[in-house]
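Within every chain, numbering begins at 1; the chains are lettered A, B, ... in the order of the sequence lines, protein sequences first and strands thereafter.
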Protein chains: 2
Amino acid sequence: MNTGPAKQGKDRHQEILDAAARVITDRGLAETRISDIAEQAGVSPGLILYYFESKDRLLAEALTFANDQFYLRTSREIRRIPSAREQLRRVIDLSVPGYLPEYGRLDEWALWIEVWVRALRDPEMAKDREALDQRWRSQLAEIIRGGQGSGEFSSAEDPDELALRIAALMDGLAIQVIMDDSVVTTERMHRTCIEVSAQVLGFALQPAKG
Amino acid sequence: MNTGPAKQGKDRHQEILDAAARVITDRGLAETRISDIAEQAGVSPGLILYYFESKDRLLAEALTFANDQFYLRTSREIRRIPSAREQLRRVIDLSVPGYLPEYGRLDEWALWIEVWVRALRDPEMAKDREALDQRWRSQLAEIIRGGQGSGEFSSAEDPDELALRIAALMDGLAIQVIMDDSVVTTERMHRTCIEVSAQVLGFALQPAKG
DNA sequence: CATGCGTTTGAATGGTCAGTCAAGCGAGGC
DNA sequence: GCCTCGCTTGACTGACCATTCAAACGCATG
């Protein structure tokens, strides 16, 4: 592609998106300056606008980019797990902010909230947000369908409805957790997600491992 | 227009907060200018900063002010309903964005998301948000406790845990609804909230009225 | 080594606001 | 009627930042 000016291998476009996502994550969308992104990416401010039409477009792309990454990462992991019950547990582990030490940043959830705010007024972002969300719910529904098929889940309710309920529950709880709510802690969210899933999908709880 | 210093009865402080909430609701926090608020309130820009120390403080106050109003309004209504089941239904009716025509604005939910974004970095707002949220969950828990006591709800689970689950579900669904998600519509959210409540709290569904 | 071209730089430009301020305004007291 | 004092105005100031741009830079090619 371009071995020369740009760093070999990685491409600037992606590097900048990544830097932007990081800056947004810890400063917040509103406090993100082009110069912050440039600094984070280790380039000059001018370069940012050489690669992106405007700050606005860049931020929008960065937001969906980051959430896309999360989905892809999760999706890849899930596909290697055979049991629906374990798939679900893994999705929960990955979704509860702060639960897994290795993913311990301020979290993609913070970015997700920024997506919401922006989607409220930006039709482009609204479209992307809806697509991202439906894909996420579909993934959950797929797991549920699998578990119903294999007999792991005894509930016979519509998988899409069940997925919607679990997804909404997780959204609502995750918000409180990243807000550092003193009642809704990481552990409590995790426990609640597992318990509700078990009740709603119809399977017995297994002793927590680890 | 101006009889004496402040308009009789209403006070400027409150008027401005109200105007600010309205502007934030339809332009979004990020696009809210002092001059917009002034225009909405029908005063000059300078006056805004005569009553508030800074734009930032004003916005923060406006955000909690609006949510406080919503809580108070709901709370007052609920207190007049004797049946726990009906109390719950009313809370749901009031919380589902767009369900009741009379409350048909872009909704306090939009403001609530702005609160989240801001609370992520502003400790003051974080504190207020936590208080507001706990109060809301307590209200739900109180209804549940009432229903358990009266025998309307057969579930014997911890009311606080049940309230948390229902509140989180409602948050998660409401987000999608105000985003105008094509799958998660106002009606679907309403139905889901009612069904889940019935299942989780243990009461039989009654035919929808109206 | 000279040329060309895609990158990269950082200084300059311009627009947009938040916040300030000096000047008016009007009601109520005297 | 005149003064005072709290409210109100809107023009002004200064900062801050997105965006532009002219100038380098350095690799590749011949």
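In this structure, CD of B:Glu39 is placed 13 Å from P of D:dT9, rounded to the nearest angstrom. For the pair A:Leu47 CG and D:dA18 P, the computed distance is 16 Å after rounding to whole Å. Rounded to an integer number of Å, the gap from CD1 of A:Ile48 to P of D:dC21 is 19 Å. In this structure, A:Glu31 places its CD atom 13 Å from P of D:dC16, rounding to the nearest Å. The CD1 atom of B:Ile16 sits 12 Å away from the P atom of D:dC7 (whole-angstrom rounding). Rounded to whole angstrom, the span from the CD1 atom of B:Ile37 across to the C1' atom of C:dG19 amounts to 14 Å. Spacing between atom CZ of B:Arg57 and atom P of C:dA18 amounts to 17 Å, rounded to whole angstrom units. At whole-Å resolution of the value, CG in A:Asp56 and C1' in D:dT19 are 13 Å apart.
A distance below 6.0 Å separates the ring centres of A:Tyr99 and A:His190.
The side chain of B:Ile34 has C:dA18 as its nearest neighbour among C:dT7, D:dT19, C:dA18. Residue A:Ser44 has its side chain nearest to C:dT9 when only D:dT19, C:dT9, C:dA18 are considered. Side chain of A:Tyr50, nearest nucleotide from C:dT8, C:dA18, D:dT8: C:dT8. Comparing atom distances between the A:Ser54 side chain and each of D:dT19, D:dT9, C:dT7 picks out D:dT19 as nearest. For A:Arg33, whose side chain is taken as the heavy atoms from C-beta onward, the closest listed nucleotide among D:dT8, C:dT7, D:dA18 is D:dA18. In the set D:dT8, C:dG19, C:dT7, C:dG19 carries the atom at the smallest distance from any side-chain atom of B:Leu49. In the set D:dT19, C:dG19, C:dC17, the nucleotide with an atom closest to the side chain of B:Lys55 is C:dG19.
The shortest heavy-atom contact between B:Glu152 and B:Ala84 is OE1-N, 2.9 Å.
The side-chain tip of A:Arg85 does not point at the ring of A:Phe153 from less than 6.0 angstrom away and within 45° of straight on.
Under 3.5 Å, the side chains of B:Thr192 and A:Glu161 contain a donor-acceptor pair of N or O atoms.
From A:Arg137, atom CZ reaches atom CG of A:Asp133 across 5.5 Å, with rounding to the nearest 0.5 Å.
Contact between the side-chain N/O atoms of A:Arg12 and the OP1/OP2 oxygens of C:dG6 is not found at any separation under 4.0 Å.
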